Amino acid sequence: MLKLLSSSSSCLQARVHVQGHRRTCIRLCSLISISTIPSSQPFSLPIISELIAKQHWSELKTHLKDSNFIAVLHQLFDAGADPVLILRYFSWSQNNFNVTHPLELTCRLLHSLANAKKYSKIRAFLDGFVRNNEKHSNSSIFHMLSMCGNQFCANSVIIDMLVLAYVKNMKTRLGFEAFQRAGDYGFKLSVLSCNPLLSALVKENEIGYVEYVYKEMVRRRIEADLFTFSIVINGLCKVGKLNKARDVTNDMKAWGISPNVVTYNTLIDGYCKKGGLGKMHKADAILKEMVANNVHPNEITFNILIDGFCKDENVASAVKVFEEMKQGLKPNVITYNSLINGLCCNGKLDEACGLQDEMLGLGLKPNIVTYNALINGFCKKKMMKEAKELFDDIMNGGLMPNAITYNTLIDAYCKHGMMEEAYALHNSMLERRVSPNTSTFNCWIACFCRQGNMELARKFLHEMEVRGLKADPITYNLLIDALCKEGESRKAERLLNEMFKKGLSPSHVTYNTLMDGYCREGNLKAALNVRLQMEKEGKRANIVTYNVLIKGHCMKGKLKVANELLNEMLEKGLVPNRTTYEIVKEEMMEKGFLPDIEGHLYNISSF
DNA sequence: GTAGGGTTAG
């Protein structure tokens, strides 16, 4: 009830700046013939109303005979019948005669329901409308709504519910479009539709639109709440726009809303996953800020940190956080999975298995993610027998292997040349009705590319597309890499362009692979062009980019340019890795060229 | 009635 009151008072504000538009509506309304359908029909309105009220549909059908069911609808409206009764007749006649009523009547119905404050009816109606509507664009819906009535509150409420209906029915794009149009019409939306819209946009990775909706909400004075801010912060974090996420955190404080444990967890996770150099320090700083603001870290906070340290190849710190967590909180399956995976990725299989036992001791059941992490650990150590034993163990625990389980094992068998076992698993996957996905095909394509069997790789690519699975950026990376290794970098570049056409965004790996291809062919000019293209796409050269370019220049005897690139790299604060060291050693120093890395002696000493 | 955490393939 309170919510309704506050939304009607905000409608008063909305009226002020949309008066010009309202005048247009009124003018147009007088031009269209909303209720001028001939009414000389052989039916009685009171009887019809009675039959609808009692839901005596077959009698109603008999009574109406050949009457124009649309004319009945018009008469019901004109007689000022109960909106819920009209709604019943509207839905029944639409289903019964398998027709779609004109948009004009739909809008009239919505208005009468809104005026009667039958909001849940509107919600349900719009849900069905959005699901079945293929005919009416947002443009015509908005147009008709404002023609049929100039009640601003009603229209705002209806459009608010329309946006929500779009989002719930996974028509996010249309929901976004309606949000935009609502701004043009001056209809005031609420967080009830804006938050779900933002949430859907985040899930679809449309962060540009998330930023737009957020800015518009501020501009249109739609009062954002804690959820709004947390959703936006999450969206920004997911694409690594951490500074903007911090800005939004400050915005919310300025609006008098304090970040809670979810907001802080989101930010910490953002830094852990996309924070770049020294990310764990930054994550830790947020943790400290959180505690200072009296927001208590929970299991999820610790899980995020544990995973963060593991991915940062700092399992020791992850274990420390894990011990600290145990002081006051209970680790859950996700905690164990993160740590087990971290240990597995760092080759510490014994400790990982020990943790699995610890879980069991605590009554925590390992799930398929636990098994997948352990299987992956054994696979990476070429311990295929142990991996297969774990795989066979999955069913004993009442679990089912999933696509990731199969992909992990198929990939490992392929990499270790155990083709028979790989094929057998693929068949077992099909038998158990686990659908191979794009990643499964990527494993096979990678396998054949490694074997230099491009024909078979292409056959699998084709098979994949026949099955309705789409090539993803990783598929392209594999194909580009294979072509580059065949000395066909030009052809590989065509695939890069194909990616754009398919709406796939190439990653650093894609560009670096192609650059490496050109460098191997000695075509430095083309390689540098790829770098330019990459930077145009907003991707900065990373350590791999420099490794590739430095090596490419060395191979061509352009040691001076290679040296300049090395300096440029260090100036940008990029940390040399083992590959950089090997290039400098083998391609420069062993050939009698001493790299001149002014001011970076300290950095180079870390080689 | 809306927000946060774990597994594969380059």
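We name chains A, B, ... by the order of the sequence lines, and we start the count at 1 in each one. Just so it is clear, the model here is predicted, and its values are computed rather than measured.
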Cation-pi, A/Tyr209 ring and A/Arg173 (6.0 angstrom, 45 degrees): no
Within residues 232-245 of chain A, residues whose heavy atoms come under 4.0 Å of DNA chain B: A/Asn234, A/Lys238
Partner residues of A/Met418 under the side chain to side chain contact (heavy atoms under 4.5 Å, CB included) criterion, sequence neighbours left out: A/Met384, A/Tyr413, A/His416, A/Glu421
Side chain A/Asn260 and base B/dA3 donor-acceptor under 3.5 Å: yes
Side-chain ion pair, A/Asp516 and A/Arg520, N-O less than 4.0 Å: yes
Interface residues of residues 371-401 of chain A with DNA chain B (non-hydrogen, below 4.0 angstrom): A/Asn372, A/Asn376, A/Lys380
Donor-acceptor pair under 3.5 Å, A/Thr510 side chain vs B/dG10 base: no
Nucleic acid contacts - residues 161-176 of chain A versus DNA chain B, non-hydrogen atoms under 4.0 Å: A/Lys168
Centroid separation A/Phe176 to A/Tyr166 less than 6.0 Å: no
Pairs involving residues 327-352 of chain A, ordered by first then second residue, that meet ring-ring contact (aromatic ring centres under 6.0 Å, His included) (sequence neighbours left out): A/Phe322-A/Tyr336
Nucleotide nearest A/Ile404 (side chain, heavy atoms from C-beta), chosen from B/dA9, B/dA3, B/dT8: B/dT8
Those residues that, when tested against A/Lys470, pass salt bridge (Lys or Arg N to Asp or Glu O under 4.0 Å) (two or more places apart): none
